[in-house]
Structure formats: structure tokens, C-alpha cells
2 protein chains.
Amino acid sequence: MKSVKTSERKVDSHRWFSEALDQYLAKKHLKQTKQRQAIVQLFLELKTHVSAEALRAAAQGAGLDVGLATIYRTLNLLAEAGLAEQKQFGDGHFVYEIVRPGAHHDHLICLDCGKVLEFENAEIERLQEKVAALHEFRLTSHRLDLFGHCLKKVCANRRD
Amino acid sequence: MKSVKTSERKVDSHRWFSEALDQYLAKKHLKQTKQRQAIVQLFLELKTHVSAEALRAAAQGAGLDVGLATIYRTLNLLAEAGLAEQKQFGDGHFVYEIVRPGAHHDHLICLDCGKVLEFENAEIERLQEKVAALHEFRLTSHRLDLFGHCLKKVCANRRD
DNA sequence: GTGAATGCAAACATTTTGCAGGGTG
DNA sequence: CACCCTGCAAAATGTTTGCATTCAC
């Protein structure tokens, strides 16, 4: 069994996404376009908590000129396809995040440097189900954000 | 030891809030006004997850004509004073909630009828601290929202 | 009487929508 | 060649701000 080259493996790690998208587009009789591909590509590269503005900036940096409206439309499309999730942290604007099937995580946010770490905790999730059952709820999703200060030296604006 | 009358007890249950606000206003050399008192009163009566719009409607229902700007300014004042918290559930607009000292709770939100239940779970909070410690974070706050469908008959739009 | 609060309207920031023209299946 | 997609600009939404007037201390 031979190992694949790094460049190929990187492509592979995104392939499932493109395939899932193609499938969705076909099912809905929607079309593949240059802009859509570019946005998706950039979205996959930036990979975490991307805002529409950040994507537009990235697109311009890559020499592409994509309208903001198209970016919003594409992100909403991805959200409808279940491939991305719209989130909002403290302030009032949206960021988008790739949804990997079966992979859920929560967030740990540094109030000093704005860094966002992801974590998973099965026990917390189990307790959430317990709480929901107690109140006669059937859970479909949840959001858990922990806010605080990261104590590492790397924090750009640490207060000590 | 005599029991107080219900009406008195209700006033009492809000008194700490008004006193804390008075104290804050005095400290900051700010003023007490008719509108501020009215908004705070309505806020306390509506008590959970109030939007600026809802407060304006309540004010109009009570015969008062308060500008939306004043409502926003008052709510932001309460937030600065640490007496209210600005939150956002799924959609992109703010709701405000009274902060009782030392009383924290999380939310259970029905996606069908929009109802919001509050709950507390000490064990989940303990696990959060554990997660934070693991990543070298000092927590200052958190947000946990559970989304789902309430299974009770009372849900206005239940899907079954 | 000084400085803060109000109401209105205009400004703002972010996201959505309508429309004419261009591109994809 | 039908229909979707794009880009632009205008609209919509929710919140904030500037300014003249009114009000609380």
C-alpha cells in the first residue's frame, strides 16, 4: 500500500465536500459556475469561521472579482445543502463554518485576542440530552460557546 | 412573623433591581427619568428575553409613547450597569435579559413555537471548567443553547 | 442653570432582493 | 434555448448617532 503525495492528500481531504456539493446541485438542477467553485475553494482553504467580507477579501487577493451578493448567495446555498453552518459569536454578524458529517464541535473563544478554539466533549453532550429529556424536548442541535482569556504567551492582547 | 401581602412581595422582588440601578445612576451622575422608569418597569414585568421592539409595543400598550432610540439607550445602559445581558438566539437580532446576581442559566429553545426554557446544570458547568483548564483558558462566561422540538401538547406549531 | 435625556430623522452596517445581461446544462 | 447565475444597485433590517428641545438635579 503506497502513501499518497502530500499535495494529493490535501486535495483528497476536500474532495468529499466538492462531491457532496455536486450531488446537491445536480439534485436541485442547479449549476456549477466559476464563481461558485472559487468561493468554495477559498472557503475550504480558510476553513474556520469565515465571514462574507473575509471571503470577498480573499477572492480579491486571489485576483478574482466576485460580488458580495454572490458570496452571500453561495454561502446560503452551502447552508441549505447542509455543508456549512451559519453562526454568530458575540457581535451581530454571521460567520460560516464547514460541516463535516458526524463531526460536531463547540467553541472556546479568547476575549483578548479573538482566537477561537474548537473542542468536543461527549460527556457534556450526554448531559445535554438528559436536560432535554427532563423538559420533554427532542434535541436537534446545540451551541456551546465558552468565553474567557487564553493564558498562553501567544495571546496577542493578554491581560495577565 | 407575619407574611407580606402578595402585591407587596411582588414589588419587593423587583426592588433590588431598582436600587441597583439607582446606585449606578448616582455613581455615574446620570439621571432618573419617567421613560427610564417606565422601560425598566416593563422590562421587569416581561422578564424574559425581551426585544427592543417588544418593549416598544408594551410601552404603547400601556399608553406611553417612548422612542425606539430611548429603549435601545436604556437597554444598553442596563447592560453597562451589569443589570441586563444582550443575547442573540438563532436569528440576527438582540434580546435582553435581566441579570440576577449569581444566577446563571442556559436556554432550551423550541424551533417550532419559539418558546425558550431556562435551565441550570451544575455538572455541565463543572465540565466546562475542565475543558477550559485543559486548553489553558480562564473562563469568564459561557453560552449554552439547546435547540429542538418541545413534545408537549402546548407547543403551538408541533410537528409530531 | 448646567448637563443629561428625549424624540425624531438620518446614518450605519450587514444581509437580501430585483433586474438586465451573460453563462451553463 | 430555457433557466440559472452574476453583478450592480436599491431595499430591507436592526441598531446607533446627531441635533435641537425638554427635563432632572
Side-chain angles (χ1 to χ4, degrees), chain A residues 18 21-43 49-60 62-81 84-97, chain B residues 18 21-43 49-60 62-81 84-97:
Chain A
S18 308
L21 179 56
D22 284 349
Q23 210 170 330
Y24 182 80
L25 292 177
K27 190 176 64 182
K28 293 273 191 174
H29 305 291
L30 303 178
K31 294 169 183 174
Q32 190 59 269
T33 67
K34 200 164 58 249
Q35 290 92 332
R36 240 167 226 180
Q37 287 173 331
I39 294 169
V40 166
Q41 183 59 35
L42 291 166
F43 184 36
H49 317 117
V50 184
S51 68
E53 267 305 334
L55 269 176
R56 190 184 53 71
Q60 294 214 311
L64 305 166
D65 212 357
V66 201
L68 244 191
T70 301
I71 292 176
Y72 276 110
R73 282 189 276 232
T74 303
L75 289 171
N76 287 336
L77 175 73
L78 293 177
E80 276 164 35
E85 254 179 44
Q86 206 186 38
K87 311 221 152 189
Q88 41 192 346
F89 299 126
D91 25 17
H93 67 290
F94 293 123
V95 292
Y96 294 79
E97 193 177 328
Chain B
S18 307
L21 178 56
D22 284 348
Q23 209 170 329
Y24 181 80
L25 292 177
K27 188 175 66 185
K28 294 273 190 173
H29 305 290
L30 303 178
K31 294 168 184 175
Q32 189 58 271
T33 66
K34 199 164 59 248
Q35 290 91 333
R36 239 166 226 181
Q37 287 174 331
I39 293 168
V40 167
Q41 182 59 36
L42 291 166
F43 184 38
H49 317 115
V50 183
S51 68
E53 268 303 336
L55 268 177
R56 191 184 52 72
Q60 293 214 309
L64 305 165
D65 213 356
V66 202
L68 244 191
T70 300
I71 291 176
Y72 276 109
R73 283 190 275 232
T74 302
L75 288 170
N76 287 335
L77 176 73
L78 294 177
E80 276 164 34
E85 254 180 43
Q86 206 185 37
K87 313 221 149 189
Q88 38 191 346
F89 299 124
D91 24 17
H93 68 289
F94 292 124
V95 292
Y96 294 81
E97 193 176 328

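Naming convention: chains lettered A, B, ... in sequence-line order (proteins, then strands); numbering from 1 in each chain.
- One finds the CG atom of B:Leu55 at 11.5 Å from the CG atom of B:Leu64 (value rounded to the nearest 0.5 Å).
- Between chain B and DNA chain C, the heavy-atom contact criterion of under 4.0 Å yields a 5' to 3' nucleotide range of C:dG3 to C:dC8.
- We find the OH-CG distance between B:Tyr24 and B:Leu30 to be 6.5 Å, quoted to the nearest 0.5 Å.
- The neighbour count for B:Gln23 CD, taken as heavy atoms of other residues, nucleotides or ligands under 6.0 Å away, does not exceed 12.
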Kindly determine whether A:Gln60 and A:Asp65 satisfy side-chain contact (heavy atoms from CB on, under 4.5 Å), including the steps that lead there. CA-CA 6 Å; A:Gln60 294 214 311; A:Asp65 212 357; 3.4 Å; yes

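- Put simply, the side chain of B:Val95 does not reach to within 4.5 Å of the side chain of B:Gln88, judged on heavy atoms.
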side-chain contact (heavy atoms from CB on, under 4.5 Å) between A:Leu25 and A:Leu77, worked out: CA-CA 9 Å; A:Leu25 292 177; A:Leu77 175 73; 4.0 Å; yes

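- Taking atom CD1 of residue A:Ile71 and atom P of nucleotide D:dT6, one finds them 11 Å apart after rounding to whole Å.
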Paired and unpaired positions of DNA chain C as dot-bracket, Watson-Crick or G-U wobble under 3.5 Å, | denoting a partner strand: |||||||||||||||||||||||||

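- In this structure, B:His93 has no ring pair (Phe, Tyr, Trp, His ring centres under 6.0 Å) partners at least two apart in sequence or on a different chain.
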Validation: residues 69-76 of chain B side-chain donor-acceptor distances under 3.5 Å, sequence neighbours left out:
from, atom 1, to, atom 2, distance (Å)
B:Thr74, OG1, B:Thr70, O, 2.8
B:Asn76, OD1, B:Tyr96, OH, 3.4
B:Asn76, ND2, B:Tyr72, O, 3.3

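- Residue pairs meeting the side chain to side chain donor-acceptor pair (under 3.5 Å) criterion with at least one partner in residues 28-41 of chain B, sequence neighbours excluded, are B:Asp22-B:Gln32, B:Gln41-B:Glu45.
- A:Arg56 places its CZ atom 12 Å from the P atom of D:dG7, with the value rounded to the nearest Å.
- Heavy atoms only, all atoms of each residue included: A:Ala58 and A:Leu42 are closest at C-CD1, 4.1 Å.
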Could you write nucleotides 15-25 of chain D as a row of B, S and -, 5' to 3', where a protein heavy atom under 4.0 Å of any base atom gives B, of only sugar-phosphate atoms gives S, and otherwise -? SBBB-----BS

